[in-house]
Amino acid sequence: RLPEDTQEVLRVASAGGAATGHLLLAAVSGLDDAALTRAVRPAVTANVLHPSGDGYAFRHELIREAVHDDLLPGEHGRLHSRFAEAIDADPALVPPGRAAIEMAHHWHSAHDSAWALIGAWRAAAQAGRAVAAAERLSLLARVLELWDQVPDAAERIDADHVRVLEEAVAAAHDAGEFERGIALSTSALRELDPAAEPVRVADLLIRRSHFRMKLGRKDYAADLEVALEYAPADVAHEIRAVLDVDLEAGAELPRRSPPRDCDRW
């Protein structure tokens with residue numbers, strides 16, 4: 001029963017999420033301030049939208065989901081792409097510190113694998129600065145999921161696959177996801193050549209041992225012993241000091257020789 005221009009604005013707003021700023025809605029819809037106000041008013045009167053901050057929110061999330069689910073495939077991707085492009089052009093259209101995260105969401109929803117990967121990587125860095133560990137881990141997991149879909153992924157984000165895994169390991173630690181941290185550390189170790197990159201291998205072994213220690217597992221010292229074998233003489237003395245202290249704590253455990261190939265990790 002709502003006017004067609006109001007229905008069109010609701011379709012746009014449904015892609016923006018539970019709430020969308022007036023200026024952002026105007027930028028994506030292509031309407032000027034007066035035209036947008038005229039189109040939104042019937043939705044507010046009908047209790048579909050209500051004013052929220054400097055924009056509008058759906059009265060009920062189920063209404064937003066119903067409108068969003070009714071978008072045609074091409075319309076869905078196009079709207080989310082327009083949201084991402086509008087925020088990229090003017091980050092002030094979203095709350096401070098949210099631009100990269102919002103863009104990552106919209107590129108992912110638009111099914112643009114390359115930009116979704118780039119956006120998630122940038123958003124993970126922003127989430128890290130905001131100390132949002134769980135959100136950062138989720139974004140890095142998305143980068144890993146999209147990696148094989150983007151042939152030049154490493155060049156696009158200027159980081160190799162192991163670097164993404166290392167960042168995810170750190171995020172898992174901060175988020176208290178210790179089992180996940182073990183899995184991510186193990187995946188990274190399998191991709192590294194200890195002879196070529198002993199410092200990275202030692203660092204990952206130390207991190208994995210700390211996850212195991214947090215979980216109360218008795219095998220944590222074994223990783224530290226192997227890390228000590230790989231840590232070169234010119235590595236900072238602080239690293240060796242940490243290793244020695246932790247090894248002393250696990251001195252009752254038998255020592256073992258380091259594995260000679262990463263597949264055994």
Side-chain angles (χ1 to χ4, degrees), residues 113-114 116-118 120-125 127-128 133 136-215 217-247 249-250 253-265:
S113 297
L117 180 140
I118 296 168
W121 177 250
R122 292 174 178 172
R136 180 183 175 214
L137 180 57
S138 177
L139 288 162
L140 290 166
R142 184 180 297 168
V143 175
L144 294 169
E145 290 168 5
L146 292 168
W147 193 268
D148 290 337
Q149 300 177 36
V150 183
D152 54 349
E155 290 73 21
R156 286 180 178 269
I157 66 171
D158 194 26
D160 62 15
H161 192 252
V162 175
R163 167 73 188 287
V164 180
L165 285 166
E166 289 169 331
E167 292 293 328
V169 167
H173 176 273
D174 293 341
E177 295 277 356
F178 303 135
E179 290 285 4
R180 198 169 180 186
I182 291 173
L184 289 164
S185 302
T186 301
S187 295
L189 284 165
R190 286 174 176 157
E191 295 187 26
L192 287 174
D193 178 1
E197 299 184 274
V199 176
R200 291 177 90 178
V201 168
D203 179 68
L204 283 163
L205 286 166
I206 294 169
R207 289 175 180 270
R208 190 170 69 175
S209 76
H210 288 168
F211 289 129
R212 287 173 168 168
M213 188 186 303
K214 291 285 189 180
L215 291 168
R217 291 173 52 169
K218 300 298 184 182
D219 58 350
Y220 77 90
D223 275 345
L224 292 170
E225 293 172 356
V226 179
L228 189 56
E229 295 290 338
Y230 284 127
D234 61 348
V235 167
H237 293 296
E238 306 87 74
I239 296 178
R240 285 188 171 272
V242 171
L243 287 169
D244 291 339
V245 169
D246 286 339
L247 281 172
L253 297 178
R255 295 183 63 82
R256 69 174 187 178
S257 299
R260 293 305 174 188
D261 63 89
C262 290
D263 286 341
R264 293 172 60 189
W265 294 334

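- Applying the salt bridge (Lys or Arg N to Asp or Glu O under 4.0 Å) definition to pairs two or more places apart or across chains, those involving residues 149-158 are D152-R156.
- With sequence neighbours excluded, no residue satisfies side chain to side chain contact (heavy atoms under 4.5 Å, CB included) with S138.
- Between L224 and I206, the closest side-chain pair of non-hydrogen atoms falls below 4.5 Å.
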Between L140 and L184, is a side-chain contact (heavy atoms from CB on, under 4.5 Å) present by the stated rule, with each step listed?
CA-CA 11 Å; L140 290 166; L184 289 164; over 6 Å; no
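- The line from CG of D223 to CG of L228 is 12.5 Å long, rounded to the nearest 0.5 Å.
- Y230 approaches L205 most closely through the heavy-atom pair CD1-CD1, 4.1 Å.
- With sequence neighbours left out, the side chain to side chain contact (heavy atoms under 4.5 Å, CB included) criterion links D148 to no other residue.
- In this structure, A188 and L204 approach most closely via the heavy-atom pair CB-CD1, 3.6 Å.
- In this view, A125 and R129 satisfy the side chain to side chain contact (heavy atoms under 4.5 Å, CB included) rule, not counting sequence neighbours.
- Applying the side chain to side chain contact (heavy atoms under 4.5 Å, CB included) criterion to A123, with sequence neighbours excluded, gives A100, I101, A104, L139.
- We find the CE-CG distance between M213 and D219 to be 10.5 Å, quoted to the nearest 0.5 Å.
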Distance-only donor-acceptor hits, side chain of residues 161-173, under 3.5 Å, sequence neighbours excluded:
{"residue": "H161", "atom": "ND1", "partner": "E191", "partner atom": "OE1", "Å": "3.2"}
{"residue": "H161", "atom": "ND1", "partner": "E191", "partner atom": "OE2", "Å": "2.7"}
{"residue": "R163", "atom": "NE", "partner": "E167", "partner atom": "OE2", "Å": "3.2"}
{"residue": "E166", "atom": "OE1", "partner": "R200", "partner atom": "NH2", "Å": "3.1"}
{"residue": "E166", "atom": "OE2", "partner": "R200", "partner atom": "NE", "Å": "3.0"}
{"residue": "E167", "atom": "OE1", "partner": "R136", "partner atom": "NH2", "Å": "2.5"}

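- Listed by chain and residue number, D203 satisfy the side chain to side chain donor-acceptor pair (under 3.5 Å) test with R207 (two or more places apart in sequence, or in another chain).
- Listed here is the closest heavy atom pair of W147 and D160: CH2-C, 3.8 Å.
- Residues satisfying the side chain to side chain donor-acceptor pair (under 3.5 Å) criterion with S113, sequence neighbours excluded, are Q149.
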